[in-house]
Peer 1: 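To start, I am sharing the structure in question, which I have written as structure tokens.
For the numbers below, each heavy atom of this structure counts, side chains included, while hydrogens, waters and symmetry mates do not. Convention: sequence-line order gives letters A, B, ...; per-chain numbering from 1.
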2 protein chains.
Amino acid sequence: MDLFLSSFINKIDKKGRVSLPSTFRNALPKSNKNEIILYKSIKSDSIEGCGTERLKEISKRINNLDYFSEDYDDFSTSVFSEIIPTNIDKEGRFLIPDELKKYAKIQNEVAFFGQGFFFQLWEPKAGILKREESRKRLLKEKKSLRTILTQQNK
Amino acid sequence: MDLFLSSFINKIDKKGRVSLPSTFRNALPKSNKNEIILYKSIKSDSIEGCGTERLKEISKRINNLDYFSEDYDDFSTSVFSEIIPTNIDKEGRFLIPDELKKYAKIQNEVAFFGQGFFFQLWEPKAGILKREESRKRLLKEKKSLRTILTQQNK
DNA sequence: TGGGATTATATGGGCGTCAATGGGTATATA
DNA sequence: TATATACCCATTGACGCCCATATAATCCCA
């Protein structure tokens, strides 16, 4: 399906390794399944990640901005300089860089949340809380999941 | 017909497998009859499911939202991280993830209720009760079934 | 149209494979 | 040399694939 879907909680071992959930590995681009890019989420205390293909798309978009604009500068700096390419070993595991781990307050376990075109890494409790709040907010505003899911596509 | 219709009660075996009713299997999209997506119903303690073909549409819609909006975040989280893609084996069975099973209080049996474009999984007694209540409510409010049933689609 | 034969569906169980995890050791880098 | 990281191997439990059976549905032909 090539989308990052559902949620998983995996352990970090003594060496700092975590398994990227198998379904997430499968969602990585065929061109490069041995590398992901990680960066601090702009919107929350979580880490975001995705395959290297997406980075190409993003850099194209930034490249289309006016070179002399503030936007170009801001995006270019905050995106490229903050991105951390990370290798996946033969068992499907990777290391979470210390700085990112601190940022997301992650210790022995990580929650993986599919976000479609990318995914997030959370300290499990914080992540689950956030997910519940999102759901509540949608319900409150009556933009129900079911509406989206059952809407007929034409 | 490609609609999920009528009701069935099937058993969950020792391994946790349940048969998706044969007519439901037939209602799955030709493009992918070996996978369904499951998610918690928002309105009730039941699980909802459908074929995978809508997922692309849904992700497009979400992708069209403003990435920096709260809505994007909420939808992305509530949809992508809560959707559970599930494989159907050659006998037409699938596993109900533990978390969903708990949510719907399902144990050894599941009631399948066709809902047209999707279907619901209920703990049998709760599901039957719910169906009776729906029916009573309809009659009470004089929105007779007959009205709906005779309103034919051109 | 009756009734046996064939097929489909729901269900049960064996077994191999894969995913997640743990740990030893080699290689690299500072 | 000390620290970090990659590769290799091992273990466990979950899951997928295969085969089997019983009951229900359908077919087909006399």
Peer 1: Within this structure, what is the CG-to-P distance between B:Asp13 and C:dG14, rounded to whole angstrom?
Peer 2: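 Nearest whole value for this atom pair: 12 Å.
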Peer 1: Let me know the distance between CG of B:Asn26 and C1' of C:dT9, rounded to the nearest Å.
Peer 2: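 B:Asn26 atom CG is separated from C:dT9 atom C1' by 11 Å.
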Peer 1: When the distance from CZ of B:Arg93 to P of C:dG12 is rounded to whole Å, what number comes out?
Peer 2: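 That distance rounds to 9 Å.
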Peer 1: After noting the C-alpha distance and the side-chain angles of A:Asn32 and A:Glu53, does the key distance pass the side chain to side chain contact (heavy atoms under 4.5 Å, CB included) rule?
Peer 2: CA-CA 8 Å; A:Asn32 186 2; A:Glu53 283 292 320; over 6 Å; no
Peer 1: Report the residue (B:Phe8 or B:Lys15) whose heavy-atom-nearest nucleotide on DNA chain C is the more 5′ of the two.
Peer 2: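 With B:Phe8 and B:Lys15 compared, the 5'-side residue is B:Phe8.
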Peer 1: Between B:Lys90 and D:dC18, is there a contact of a side-chain N or O with OP1 or OP2 at under 4.0 Å?
Peer 2: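 It does, given that an N or O in the side chain of B:Lys90 lies less than 4.0 Å from OP1 or OP2 of D:dC18.
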Peer 1: Report the distance from atom CZ of B:Phe94 to atom P of D:dC15, rounded to the nearest whole Å.
Peer 2: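 In whole Å, D:dC15 P lies 14 Å from B:Phe94 CZ.
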Peer 1: Take atom CG of A:Asn87 and atom P of C:dA28, then tell me their distance rounded to the nearest Å.
Peer 2: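 Rounded to whole Å, this separation is 15 Å.
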Peer 1: Once hydrogens and angles are ignored, does a donor-acceptor distance under 3.5 Å link the base of D:dC17 to the side chain of B:Glu91?
Peer 2: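 No.
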Peer 1: Return the value, rounded to whole Å, for the distance between atom CZ of A:Arg25 and atom P of C:dT21.
Peer 2: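 In whole Å, C:dT21 P and A:Arg25 CZ are 10 Å from each other.
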Peer 1: Compare the minimum distances between each of D:dG16, D:dA6, C:dA10 and the side chain of B:Ser22, then state the nucleotide with the smallest one.
Peer 2: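 That would be C:dA10.
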Peer 1: Test B:Phe4 against every option in B:Phe117, B:Phe118, B:Phe113, B:Phe24 by the ring-ring contact (aromatic ring centres under 6.0 Å, His included) rule and name the one that passes.
Peer 2: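 Running ring-ring contact (aromatic ring centres under 6.0 Å, His included) over B:Phe117, B:Phe118, B:Phe113, B:Phe24 with B:Phe4 returns exactly one hit, B:Phe24.
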Peer 1: Within the modelled atom types, does a donor on one side and an acceptor on the other bring the side chain of B:Arg17 and the base of C:dG13 under 3.5 Å apart?
Peer 2: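 A donor-acceptor contact between them is present.
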